2 protein chains.
Amino acid sequence: MKQEQFLAYKSLYKKNLLEDVLPFWETHSVDWKYGGYFTCLDQSGNVYDTDKFIWLQARQVWTFSLLYNQVDKREDWLKIAENGISFLKKYGRDENGDFYFSLTQDGTPLTHAFNIYSECFAALAFGEYARATGNDESYDIAVKSYNGFLERQANPKGKFEKSTGNRPMKSFGLPMMTAYLTYELQGIINPEKNREIYEDCVNQIFEVHYNSKTKIIHEHVSPIDQFMDTFEGRLINPGHGIEAMWFLMDVAEKLEKPELIKKASDICLQILEYSWDQKHGGIFYFMDSKGAPLPQLEWDQKLWWVHQEALIALSRALLHTQRKDVWAWYEKVHQYTWQHFPDPRNGEWFGYLNRQGIPHTTLKGGKWKGCFHTPRAMHECWKNFEKLTNQNQQ
Amino acid sequence: MKQEQFLAYKSLYKKNLLEDVLPFWETHSVDWKYGGYFTCLDQSGNVYDTDKFIWLQARQVWTFSLLYNQVDKREDWLKIAENGISFLKKYGRDENGDFYFSLTQDGTPLTHAFNIYSECFAALAFGEYARATGNDESYDIAVKSYNGFLERQANPKGKFEKSTGNRPMKSFGLPMMTAYLTYELQGIINPEKNREIYEDCVNQIFEVHYNSKTKIIHEHVSPIDQFMDTFEGRLINPGHGIEAMWFLMDVAEKLEKPELIKKASDICLQILEYSWDQKHGGIFYFMDSKGAPLPQLEWDQKLWWVHQEALIALSRALLHTQRKDVWAWYEKVHQYTWQHFPDPRNGEWFGYLNRQGIPHTTLKGGKWKGCFHTPRAMHECWKNFEKLTNQNQQ
């Protein structure tokens, strides 16, 4: 672990964010005519579909608001955020105030939200935008969406729930996103219950979904916290697990519990140990905890966000622990990720590689990939290596 | 096109059906304890999950009933069919008489059907079983399910429909499966409207979903039969298109319209022309009619059923037309398919190959692959080549 390496990585992430990733979205994605953003962008940034997906609209608002708040008070960034916020305010919600899943280019609603994650990302967007502008209505929408996200967790799919209720289960996504969202909305939401919420999330993740014997994080467990030998119960989503570990490191700092940071770092390495493709490199998208065949036909693909979350988690763990095993894994993931995903010719990163590491689709954005994971990872890693540089200078 | 080649193919399909595929399911899939079938079988036939999926339960009943009706009156086949029928009768339906999507091993309902295809496959199963046994209750359930499938076509997803209705569209699956199901249930359902139904399906497929200029079959079109430049509107499912072509050849015979057989054969070759992977061979799973990136991450994979449907369609077209271009395509698809999918060591066929033709998951059965496409294809191709052999002897 060398000082000049940290400095070089800091520059790499900063430069990629400011000179590659952001210009790509600034140039190609903003729909100044109807508001909001195009996210369906091909390899060079051409719009191949004009539908607007609420998750991605909200996430892009968050990204540009965050940059404005944390990197540089650039008016053009705020204007881009505002272009999304006004679109979401005007067209994003149904008559009950619930956010849709998708709209046409001009804001005509297409699809109702089939779970509560539209609320989750709306809360993220309006909260960060409120922080940038002090806008009261945005504060209110952030708080309302956050509360809706919490209140509806007992039945996240609402009327679209197809389960009969005969096999209830707990989902990892809920404590994971609750921890992140609560952390992100500090200063926006009422802080009274934050500690309780954090502790519940930590407990759900470490004691319910994480199995300390097998070292596996299960996406779904039974209500009595037991392993279920079913498709859902055997499912492992390594990217989810890794992402949650850096969320929990931040929560652990808040809770002033350094032992949780160590635990999150350990689990992060455990996940990487079992999900690393020994043959072709990279992290698998899905696995089965008993090694059974998976119904997810994309299980062996390498996804951009999984690898970006690993870079954040490992550099965050390094910052907190300075451990050599963490550094070794960081270097391994760094090498694979930077070799395979970025597209320096056109900007942004490829999203979807086959097992062998070749992009099987060259989109830069679509229904699920937008202006979110890449800029967030570039920003988080930049800041982690900046702190590591400063730490080592002291 | 040589007589001995037809004879060799006839033997190949017959032998694969009777000595490889059926023994695999007979040995591994029947749940004599709780009724119904295990369909989640790994490469060697071990059960890796015990949940029971209605589509696959029904399809397996159909397969064994059909074999009993058309191949050999073997009591053991009928007993296997009966094991599925009694399970479906006892546990398959909710209080409204609608079939579920999935159940546990012992028949506890897990998931409500999210569209009308559970009814479709139930009708298929009960119809063929009624034909085998003359059982009145099975006749009644077949007719009721068939009528339900027809009546609910205006809103196939029922209360689980997430669309707002602002972008209505017609789906190719409906006329395709209506044609097949109506043809299959001859003698079970009231025949009065059959001709009208067939003609409507032919019209929907040839005049609405098929674009005679571009030669493309679109999975979804607007209610005024226009191309929609959206994810759904651009979607091509070559396997669906090819499968529908042999359904329509059978319907055309019924309607005594040989010109439709020629048209279906032409379209089948057109689909193969644009969906054949020039680099690695095989037929793509999904394509975009404008060449835009696809959200389906499995788009470039090679699926067993797609290739089996192509073998049926091409051998059926050959039987009707004796065309050299059809034969050339048959030989090309035959070579790829038989080289890549069968697993002579363990029985049955691999289902899911990556673009390069390697199985990326080795299951023989799962949530979607069961005892249906492989035995159906073996049986249909066996019979097609048997007829071709006889035809050429005359």
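None of the values given here were measured: they were computed from a predicted structure.
Heavy atoms only, all atoms of each residue included: A:T230 and B:D49 are closest at CA-OD2, 3.5 Å. Across all their heavy atoms, B:F114 and A:K162 have their closest contact at CB-CD, 3.1 Å. Contact detail for A:H112 and B:S163: the closest heavy-atom pair is CD2-O, 4.1 Å. Closest approach of B:L297 and A:H360 over heavy atoms only: O-CE1, 3.4 Å. The two atoms that bring A:P293 and B:T361 nearest to each other are CB-OG1, 3.5 Å, heavy atoms only.
With a threshold of 4.5 angstrom between heavy atoms, A:W299 approaches chain B through side-chain atoms but not through N, CA, C or O. Both the backbone and the side chain of A:L363 come within less than 4.5 Å of a heavy atom in chain B. Within the 4.5 angstrom heavy-atom criterion, no atom of B:R355 approaches chain A. The parts of B:F160 that come within reach of chain A are both its backbone and its side chain, each placing non-hydrogen atoms under 4.5 angstrom from that chain.
Ring orientation note: the planes of A:F53 and B:F231 are tilted relative to one another, at an angle of 30° to 60°.
In terms of heavy-atom pairs under 4.5 angstrom with chain A, the leader among B:D42, B:D51, B:T50 is B:D51.
B:P109 has its side chain within reach of A:N166: a pair of non-hydrogen atoms, C-beta onward, lies under 4.5 Å apart. Looking only at side-chain heavy atoms (C-beta outward), B:Y48 and A:D288 stay at 4.5 Å or farther from each other.
The one candidate from B:T108, B:T111, B:T104 that meets the side-chain contact (heavy atoms from CB on, under 4.5 Å) condition with A:R167 is B:T104.
To the nearest 0.5 Å, the span separating OG1 on B:T164 from CG on A:D94 amounts to 10.5 Å. Here the CD atom belonging to A:Q356 is positioned 8.5 Å from the CD1 atom belonging to B:I358, to the nearest 0.5 angstrom.
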